[in-house]
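Notes for the one structure printed next.
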There are 2 protein chains.
Amino acid sequence: MSRPAGGNGGRSKRPTMVDVAREAGVALRTVSRVVNNDPTVGPEYAARVEAAIVALNYRPDERARQLRTGVTGTIGAAVRRIAEVNPALAAIEHTARASGQTLLAASTDFDEAREREILVSMCRQRLDGIIVEPIGENHAYLEPEIEAGMPLVSMDRPMAGISADCVMSDNAAGIGMAFHHLYRHGHRRIAYIGDSERVYSGRERAAAFRAALGAHGRPAEGLVHPGEITPERVAAALEAVLHGAEPATALVTGTMDTTLAVLRHLGPQAASRLGIVAFDEVPLADLIRPALTVVAQETSTIGRTAVELLRARIADPARPAQTVIVPVTLKTRGSGEVPA
Amino acid sequence: MSRPAGGNGGRSKRPTMVDVAREAGVALRTVSRVVNNDPTVGPEYAARVEAAIVALNYRPDERARQLRTGVTGTIGAAVRRIAEVNPALAAIEHTARASGQTLLAASTDFDEAREREILVSMCRQRLDGIIVEPIGENHAYLEPEIEAGMPLVSMDRPMAGISADCVMSDNAAGIGMAFHHLYRHGHRRIAYIGDSERVYSGRERAAAFRAALGAHGRPAEGLVHPGEITPERVAAALEAVLHGAEPATALVTGTMDTTLAVLRHLGPQAASRLGIVAFDEVPLADLIRPALTVVAQETSTIGRTAVELLRARIADPARPAQTVIVPVTLKTRGSGEVPA
DNA sequence: TATCCTCGCGATAACGTTATCTCGAAGATG
DNA sequence: CATCTTCGAGATAACGTTATCGCGAGGATA
């Protein structure tokens, strides 16, 4: 006898497989077979079960399935900010979706404690794997999780204190490209403003810039300004660079936030008179003035590679940790071609 | 005897509560009590259990807990595009986090089938509730889920075919504000380009614009252009509006994507000569030229309200569906103050 | 001193699925 | 016609946790 979904005696509760089995007059196991498209089920049994499923509005409980099978079919992504433009996250989602996996995205908000909270929570959920854009400066607390078999891949930066797969852009080559591009357009005093050297990418990019200066026999003093990305700090760095004894004629910005802070502080007029190459693409680049020449990261490659590294680790937990460096490309749009 | 995490006889498997109980020499239930901070556990027992937990690197399995307790502590958000700027999603995450809930975000990518897939998957996961930015034009397939007690809140638009809580901006007032602002600055031929009238917000905004024209005794013919937001369609609408017999001197754009398409087609020069008020804020608004006067939505209020509506429904599944209209505000930045 | 609580812990049964095993009924083979 | 295989379905035991119940020890009360 069919029983409508809403009215099972006061308590609203979803029907389970046993309910469906009772309704269809078959064994529990048979319902499970039908739900999982097991071919070894007779057509009339299948039909009876299907009918019972629609009659009761049965929906399998994914949690129970996950508990029993051990796999969640979900990968976690702990990114710095959800709700902001993040092309790598889009690539992760597409790649994951293409193989039938669900993405659980969370935002660390640049907060180390929050990052830890999220990662531990993801481990407790026994996700199939985790991709993280690291914030914290020490991830040693993740070692037991890795040892316990939790696949972990970092994106954009490696994690300190543990050995894990990592995919990131070629920071050194990108900064080198930026410098050479400005140099080729006649600039001789080129300055760098970027992220703090406490973070890995900040260290790599500042070091690459110093190396580029050195390779051209230019002294570095007064030209390299890594540090926190705040409007005040960036403004101070700009003042130092542009209003000193020997003002710089060109600028390399080390992160997207640096670029935006620079543009906001200078305004379009002053910025247009400067040679500028920005590391990392800027949203709405075609609508911003001056039109920015950027070192573009292959964000979709990065996201896809992160998922692939994760899958490789899931398939073989014993494989050695691997670091993939993704090339970058220069996109000329004008700001880098301003003559000295 | 303590057993290190990695080497339990070939198969790498995480320890469970029974392992901890055996290690600590207590009952399974006691471990559960310690994990859940149950105060009715003696200090020396608690210490023994804690020691066993760190010795084995035990991490509770959230899936089993969820299955047993019935609640997941997770709310789902099916937004149009993850990985793009989406302030409402940020507000949802903060609000959810503040009350200890996890956010499972997924991207519908403006695809109706994908939306359905995501929502059904979320229902199968028995999330505590779902917030959706609807895409599809008919959500009747969700009726059984709602009847089964799945809390569902729509954001930005109502869902057709079912009755559910909804939070959205005051479209009519926003369009009215935009029109009046331009009218006050002397514009008499004001055009509208916006989203298709097949979607709810597109209908509301186009209707509000026609009403505004009517209220000022202006005819609507040739001035109201709802439709798909593609570069081609927007370009055609712009041509019709600006190069006709009586060219419009001002423009109201109905969505962010419309605004961007308009700016891209006109270029900064031509756009600056036009009065423009855009519905919805634009990312990096301070760096774009012309500086856009916009009707800004209170995205954080919308996100917060969505979570609150969801919680209210979880608390009382029988309450009548409620629609919350969030006010909008005009932000003048220049483009709306261009004289006719 | 006997009785009644209270407190702290342990045994055991769920939660809703899938996996292993068993078993009866067919059809194939000698 | 007897036996062997195959096939499809059912009973039952997990998965790892929490909730219900029970039970023994200890302090308070008459």
Side-chain angles (χ1 to χ4, degrees), chain A residues 8 11-50 52-53 56-73 121 123-128 148-149, chain B residues 8 11-50 52-53 56-73 121 123-128 148-149:
Chain A
N8 43 6
R11 257 194 60 170
S12 166
K13 228 173 139 294
R14 303 199 77 126
T16 76
M17 266 193 184
V18 268
D19 297 321
V20 176
R22 193 181 329 115
E23 171 86 11
V26 301
L28 172 61
R29 187 68 182 90
T30 303
V31 180
S32 172
R33 277 189 260 256
V34 171
V35 168
N36 291 3
N37 294 317
D38 190 319
T40 76
V41 58
E44 72 271 31
Y45 279 84
R48 284 231 303 276
V49 172
E50 301 277 13
I53 286 177
L56 298 181
N57 267 317
Y58 167 74
R59 299 283 179 279
D61 189 326
E62 188 63 20
R63 296 170 301 180
R65 204 193 69 78
Q66 288 176 10
L67 176 60
R68 179 62 235 236
T69 61
V71 299
T72 60
S121 160
C123 289
R124 290 178 52 136
Q125 289 187 68
R126 303 290 194 271
L127 298 186
D128 290 354
Chain B
N8 44 7
R11 257 193 59 169
S12 167
K13 229 173 135 297
R14 302 198 78 126
T16 77
M17 267 193 182
V18 264
D19 298 321
V20 176
R22 192 182 329 115
E23 171 86 11
V26 300
L28 171 63
R29 187 70 182 90
T30 303
V31 179
S32 171
R33 277 190 260 257
V34 171
V35 169
N36 292 358
N37 294 318
D38 190 318
T40 75
V41 59
E44 72 270 34
Y45 278 82
R48 284 230 303 278
V49 171
E50 301 277 13
I53 285 177
L56 297 182
N57 267 317
Y58 167 72
R59 299 283 180 279
D61 189 325
E62 188 63 21
R63 297 169 300 179
R65 203 192 68 78
Q66 289 176 10
L67 175 60
R68 181 60 234 235
T69 61
V71 299
T72 60
S121 160
C123 288
R124 290 177 52 134
Q125 288 188 68
R126 303 289 194 272
L127 298 185
D128 290 354

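Note on naming: letters A, B, ... go to the chains in the order of the sequence lines (proteins, then strands), and numbering restarts at 1 for each one. Small disclaimer: the values here were computed from a predicted structure and weren't measured.
Within the 4.0 angstrom heavy-atom criterion, no nucleotide atom of any strand lies near Arg63(A). Contacts of Thr40(A) with the nucleic acid, taken as non-hydrogen atoms under 4.0 Å apart, involve only primed sugar atoms and P, OP1 or OP2. Heavy atoms of Val41(B) sit under 4.0 angstrom from primed sugar atoms or phosphate atoms, though from no base atom. In this structure, Val35(A) reaches neither bases nor backbone, as no heavy-atom distance under 4.0 Å exists between it and the strands shown. Using a 4.0 Å heavy-atom cutoff across all strands shown, Thr16(B) reaches sugar-phosphate atoms only and no base atom. Within the 4.0 angstrom heavy-atom criterion, only backbone atoms of the sugar-phosphate kind lie near Arg65(B); the bases stay farther away. Within 4.0 Å of Val18(A), counting heavy atoms only, lies no atom of the nucleic acid at all.
Two residues are said to be in side-chain contact when any heavy atoms from C-beta on lie closer than 4.5 Å; Val31(A) and Val34(A) fail this criterion. Arg48(B) places a side-chain heavy atom less than 4.5 Å from the side chain of Val26(B).
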Margin query: Apply side-chain contact (heavy atoms from CB on, under 4.5 Å) to residues Gln66(B) and Arg126(B) and explain how you reach the verdict.
Written below: CA-CA 9 Å; Gln66(B) 289 176 10; Arg126(B) 303 289 194 272; over 6 Å; no
Checklist line | Verdict with reasoning, Val35(A) to Met17(A), per side-chain contact (heavy atoms from CB on, under 4.5 Å) | finding: CA-CA 10 Å; Val35(A) 168; Met17(A) 266 193 184; 4.1 Å; yes
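To the nearest 0.5 angstrom, Asp38(B) atom CG is 3.5 Å from Thr40(B) atom OG1. The CZ atom of Arg33(B) lies 10.0 Å from the CG atom of Leu28(B); values are rounded to the nearest 0.5 Å. Atom-to-atom distance recorded for Gln125(B):CD and Glu62(A):CD is 6.0 Å, nearest 0.5 angstrom. The OG1 atom of Thr16(B) lies 9.5 Å from the CG atom of Asp61(B); values are rounded to the nearest 0.5 Å.
Comparing Arg33(A) and Met17(A) by the nucleotide of DNA chain C that holds the closest heavy atom to each, the one mapping nearer the 5' end is Met17(A).
A donor-acceptor distance shorter than 3.5 angstrom exists from the side chain of Arg63(B) to the backbone of Gly70(A), with no hydrogens or angles considered.
Comparing the local axis fitted to the first five base pairs of the helix from dT1(C)-dA30(D) to dG30(C)-dC1(D) with the one fitted to its last five gives a bend of 50°, rounded to 10°.
Mapping heavy-atom proximity under 4.0 Å, the span of DNA chain D touched by chain B runs 5' to 3' from dG16(D) to dT20(D).
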